[in-house]
Amino acid sequence: MTAQPQSAETKNVRALVVANWKMNKVTKEAIDFVEKLNAAWDRLRGVDVVVAPAFPLIGSVARRLKDPFGLAAQNVHSSASGAFTGEVSAKMLVDVGCEFVLVGHSERRVAQGTTHAYGIGESDDEVGRKLKSAQSAGLVPILCVGEQLVERDRGETEARLNAQLAAALDGVSIASSRELVIAYEPVWAIGTGKNATPEQAEKAHHYIRARLADRFGAAIAAHLRILYGGSVKPDNVVEIGRCPDVNGALVGGASLDVEAFVAIGEGIARARERKG
Ligand code: PEP
């Protein structure tokens with residue numbers, strides 16, 4: 001029987017917003033952002049906030065980012081150590097102050113020459129190995145899943161989400177809902193200015209939560225944070241954030257501007273007030 005997540009509890013989960021800076025900013029710009037973010041802490045009381053800078057910026061951000069804001073890396077290698085030139089291990093990320101790491105971002109999953117000019121071609125299985133490597137070092141993985149436009153058009157969205165979740169979470173166990181975050185990021189909405197409608201987002205989030213309930217049990221699944229990502233902006237965040245199964249946002253382009261990012265955090269908090 002399929003376990004049903006408890007929606008009354010889901011709406012009380014504390015929301016999370018994550019700034020994915022991708023390959024943007026140099027040290028001076030990162031410091032300027034963090035100082036302004038720190039100064040805005042009072043406006044962000046209603047939401048958890050995490051910043052994911054590129055590797056070279058992590059140390060500078062870690063030294064300045066105020067508690068309770070959190071730090072994430074954008075990628076991690078699947079092996080604990082070894083001869084992997086240019087790669088970074090989970091233990092190194094913990095050592096420089098990261099608590100979270102993105103795994104399976106679509107910009108790393110897609111193969112070059114397909115739908116994206118840039119692409120590493122990371123397979124679902126490799127994403128799973130990265131997730132386990134992160135977990136074993138004590139990092140909280142933010143697992144990104146999402147369908148391509150062609151998959152949505154063929155009616156294969158749920159099959160794709162199921163395959164990504166199954167491969168990444170195979171053999172994974174968690175004792176608490178704070179050990180894992182999921183980000184639903186429809187690939188066609190990332191960096192395109194075309195966000196999913198609240199109905200599309202809620203349907204996908206609800207499906208994901210049901211699969212998480214099958215795997216981890218209804219009680220844990222009800223409290224797992226499932227973020228929406230894909231062209232989130234201050235002017236569309238409240239509408240998306242009101243969906244019962246949306247527990248926050250993973251923000252790319254709009255997170256480069258501190259004022260826009262803070263406005264998104266405030267918007268998520270406001271949307272949650274309306275949920276209750
Ligand atoms: C992302 O890269 O995770 C993302 C959601 O980007 P954007 O907000 O720019 O669509």
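A quick note: this is a predicted structure, and the numbers were derived from the prediction, not measured. Read the numbers this way: they start at 1 and go in the same order the structure lists the ligands and their atoms.
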Below 3.5 angstrom, do we get any N/O pair linking G252 and ligand 1? yes
May I ask you to check whether over 12 heavy atoms, not counting those of K132, lie within 6.0 Å of atom NZ? yes
Atoms of ligand 1 close to A189 [distance to a heavy atom under 4.0 angstrom, numbered from 1]: 10 (O)
If you have a sec, work out which protein heavy atom is nearest atom 5 (C) of ligand 1 and how many Å separate them, to one decimal? E185 OE2, 3.1 Å
Is there any N or O on A254 that sits under 3.5 Å from an N or O of ligand 1? no
Would you call L224 and N247 a side-chain contact if the rule is heavy atoms closer than 4.5 Å? no
Identify, by atom number and element, the atoms of ligand 1 in contact range of G191, meaning under 4.0 Å from any of its heavy atoms. 7 (P), 9 (O), 10 (O)
With a 4.5 Å limit on heavy-atom distance, are the side chains of L250 and C144 in contact? yes
Numbering as shown, the atoms of ligand 1 that approach L250 to under 4.0 Å (heavy-atom distance): 3 (O), 5 (C)
Quick one: does NZ or CZ of R211 land under 6.0 Å from the six-membered ring centre of Y207, within 45 degrees of the ring axis? yes
Can R43 and E259 be counted as an ion pair, charged N to O under 4.0 angstrom? yes
I'd like to know if the side chain of E147 pairs up with that of W188 as donor and acceptor (distance under 3.5 Å, no hydrogens or angles considered). yes
How far is atom 2 (O) of ligand 1 from the closest protein heavy atom, and which atom is that? K22 NZ, 2.5 Å
Any N or O on G253 sitting closer than 3.5 Å to an N or O of ligand 1? yes
Backbone or side chain, does any N or O of H105 fall under 3.5 Å from an N or O of ligand 1? yes
Examine the proximity of ligand 1 to I190 and report which part, side chain or backbone, both or neither, has a heavy atom under 4.0 Å away. both
Quick one: which ligand 1 atoms are inside 4.0 Å of a heavy atom on G230? 5 (C), 10 (O)
What class does the angle between the rings of F33 and W21 fall in, given that below 30° is parallel, 30 to 60° is tilted and above 60° is perpendicular? perpendicular
What is the ring orientation for H77 with F84, classed by angle as parallel under 30°, tilted 30 to 60°, or perpendicular over 60°? tilted
